[in-house]
Amino acid sequence: MKKPIVLVIMDGVGKGDGGSGDAVAVAKTPTLDHLFATCPYTWLKAHGTAVGLPSDDDMGNSEVGHNALGCGQVYSQGAKLVGESIENGTLFASATWKDLVANCVENGKAFHFLGLLSDGNVHSNISHLIALLRHAHAEGVKKVYCHILLDGRDVPATSALEYVAQLEAVLAELRTDGCDYRIASGGGRMQITMDRYEANWKMVEAGWNTHVRGIGRQFPSAKEAIETYRAELGCIDQDLPAFVIAENGEPVAKIANGDSVVLYNFRGDRAQEISLAFDRKDFDKFDRGDYTGVKFAGMLEYDGDLKIPEHYLVQPPVIKNTLTELLCANNIREYAVSETQKYGHVTYFWNGNRSGKVCEALETYEEIPSDVIPFEQAPAMKSKEITDRLIAAMESKEYDFLRCNFPNGDMVGHTGVMSAVVTAMECVDASVQRILDAADRLGYTVLITADHGNADQMTETKKGKTSVRTAHSLNPVPFIIYDPDNHYTIKEGHYGLANVAPTVAELLGLSAPACWEAGMI
């Protein structure tokens, strides 16, 4: 008996080691415990090659995870795309790169590189920045400045000085023949510049004032800024305040009108708002001062439908044959809901980096505004509201495929506050139970999965020292089928996130495209 399907994505919930640093295991989760005890389930690979990243050392993330969940295929993604483009030289042969360089060489303008300074391979990779710097130097660019955003989220929480030292060594090597290559400004990624989904434009404005206007606390070096803030505030890298590198009371470099600027992040969600600030003449989210424009490019096109940014260095993957396309072709109505922090993931990324709908008549999406508050202070986030809306959609009987994302395990997991993450998991567990109760009452099959791990690994031990972990994990994620009316068996095999869409198609009685991975039942 085929039923309409609800897919629950518990963002950032993987299979941990069950120890004291595994918030999923520490939390009281009677619903998940019962599901694992009574339902068919398996574990899905959610990182590395399973989601199109270069190697299995690369953590998965919500963007590539939802791409894979929604399209049933594995595409080269983010870091891998950029790495290939650098290696084969197509990035440096692009018209965009050539124009940026010519602006500096022929017009004497400065070249600025803005982005996340780490090798986390989620938003950026320092190796890409170094390659760009070396090519700029080889092509005769004399003035180059780096505006660095400190990570501590996709990498160890207090690792910034390692990356700064690596970058400073390269910059020192390139300061030859009258070249000025230096760090100009920076700050923690959760304090400046890298907001997403328009949740907190003040973050972007703070970054703008730091990088473009040179406004902020001054230091002689990034190293001294980091060490001073740590001593004064005791915060981890992602929360370090903004800083400006200065000499004799003046910033060493501000992003000036007419300069060339590259945002070297490859992931789109936290790159779009600062891109709009640089790109759009009609920008009105905050006062940009006397800004009249620069030559700006992103590493990738962060939103193909909205053309953010106008210019970019690496062509994005063209994701075709998504689950939504299959559903629309079969006249199946679908519904998606999450709060702002993950709304784009169940819509834009799910649909293969498509902003618009495939069919307006068949798709309904609801966004619940996220609160602008530190996530550890409100670990429930909008789990109740998401559940309320989802159940209302189930009760309407208008949809055959419904999906939701609970951001808690990921967003609270990134704070590193164990007690808050435990609470977050308990809130998600309670919400899942409400969905199961509604499914029993209304006649739905429920699938429960995740896009990557995070809450399942809140500590890490290196060289005998245990510290807080704020990054995603490399752990597999669950895939559970809940349907008391039907007996499903998951076939033996090794599966990844891309196997979910084919399984949904099987459950709905649809024939999957030949390019998809296999279904699991």
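Residue numbers run from 1 in the order of the sequence given. What's counted below: heavy atoms across the whole structure, side chains too, no hydrogens, waters or symmetry copies.
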Give a yes or no answer on whether the side chain of His472 reaches the backbone of Gly12 with a donor-acceptor pair at less than 3.5 Å. no

Rounded to the nearest 0.5 Å, the CG atom of Asn353 sits from the CD atom of Glu301 at a distance of 9.5 Å

**Asked** Parallel under 30°, tilted from 30 to 60°, perpendicular over 60°: which one fits the rings of His135 and Phe92?
**Response** parallel

Short side-chain to backbone donor-acceptor contact, Asn408 and Met425, under 3.5 Å:
no

Check: Tyr302 main-chain N/O paired with Gln272 side-chain donor or acceptor under 3.5 Å | yes

What one should report as the nearest heavy-atom pair of Val468 and Ala157 is O-CB, 4.2 Å

Taking Gln341 for its side chain and Glu339 for its backbone only, find out whether a donor-acceptor pair lies under 3.5 Å. no

When every non-hydrogen atom of Asn351 is compared with those of Arg403, the smallest separation belongs to OD1-NH2, 4.0 Å

- Query: Would a distance-only check, ignoring hydrogens and angles, find a side-chain to backbone donor-acceptor pair under 3.5 Å from Tyr145 to Leu114?
  - Reply: no

Look only at the side chain of Asn125 and the backbone of Asn121, and say whether a donor-acceptor pair between them is shorter than 3.5 Å. no

Salt bridge or not between Arg230 and Glu227? Use side-chain N to carboxylate O under 4.0 Å. no

Contacts satisfying side-chain hydrogen bond (donor to acceptor under 3.5 Å, both in side chains) that involve residues 419-430 (not counting sequence neighbours) are Thr31-Asp429

Q: Kindly indicate whether the side chain of Asp388, heavy atoms from C-beta on, has any atom under 4.5 Å from the side chain of Arg434.
A: yes

The side-chain contact (heavy atoms from CB on, under 4.5 Å) partners of Ser431 (sequence neighbours excluded) come to Ser383, Thr387, Phe406

Sequence neighbours excluded, the answer for side-chain contact (heavy atoms from CB on, under 4.5 Å) partners of Asp17 is Asp22

Give a yes or no on whether Glu232 atom CD has more than 12 heavy-atom contacts from other residues, nucleotides or ligands under 6.0 Å away.
-> yes

When you measure from the side chain of Glu273 to the backbone N and O of Glu198, does any donor-acceptor pair fall under 3.5 Å?
yes

Q) With a 4.0 Å cut-off, would you call Glu517 and Lys45 a salt bridge? A) no

Verify, without hydrogens or angle tests, whether Thr470 (side chain) and Gly152 (backbone) share a donor-acceptor contact under 3.5 angstrom.
yes

Before accepting this row, confirm whether a basic side-chain N of the pair Asp154/Arg189 lies closer than 4.0 Å to the acidic partner's carboxylate O. yes

Scanning both residues in full, the closest heavy-atom pair of Thr503 with Phe479 reads CG2-CZ, 3.9 Å

**Asked** Under 3.5 Å, is there a donor-acceptor pair between the side chain of Tyr264 and the main chain of Gly115?
**Response** yes

Q.
What I'd like to find out is whether the side chain of Leu53 reaches to under 4.5 Å of the side chain of Gln77, using heavy atoms alone.
A. yes

In this structure, CZ of Arg153 is separated from CG of Asp239 (nearest 0.5 Å) by 8.5 Å

When rounded to the nearest 0.5 Å, the distance separating CD1 of Ile521 from OG1 of Thr42 is 13.0 Å

Sequence neighbours excluded, the answer for side-chain contact (heavy atoms from CB on, under 4.5 Å) partners of His345 is Ser62, Glu63, His66, Arg196, Tyr197, Asp269, Lys342, Phe349

Hits for ring pair (Phe, Tyr, Trp, His ring centres under 6.0 Å) against Phe296, two or more places apart or cross-chain, chain-then-number order -> Phe278

Donor-acceptor contact present, side-chain Asp11 to main-chain Asp410, <3.5 Å:
no

When every non-hydrogen atom of Pro241 is compared with those of Cys235, the smallest separation belongs to CD-SG, 4.5 Å

Separation between OG (Ser20) and CE (Met458), nearest 0.5 Å, reads 11.5 Å

| query | Do the non-hydrogen side-chain atoms of Arg270 and Met190 ever get within less than 4.5 Å of each other? | reply | yes

Within 6.0 Å of NZ in Lys491, more than 12 heavy atoms from elsewhere: yes

Could you check whether any side-chain heavy atom of Lys202 comes within less than 4.5 Å of a side-chain heavy atom of Asp195, counting everything from C-beta outward?
no

Output for pair (Leu174 CG, Leu133 CG), nearest 0.5 Å, gives 6.5 Å

| request: Measure the acute angle between the ring planes of Phe36 and Tyr41, then classify it against the limits of 30° and 60° as parallel, tilted or perpendicular. | output: perpendicular

For Gly120 and Ser118 the tightest heavy-atom approach is N-OG, 3.1 Å

Would you indicate whether the side-chain heavy atoms of Asp237 and Asp151 approach each other to under 4.5 Å? no

By side-chain contact (heavy atoms from CB on, under 4.5 Å), Asp371 pairs with (sequence neighbours left out) Ile373, Lys382

Nearest heavy-atom contact between Asn454 and Ala471 is OD1-O, 3.6 Å

The reported gap from CZ in Arg389 to CG in Leu402 (rounded to nearest 0.5 angstrom) is 14.5 Å

Exercise. Can you find a pair of side-chain heavy atoms, one from Gln166 and one from Ile130, that are under 4.5 Å apart?
Worked result: yes

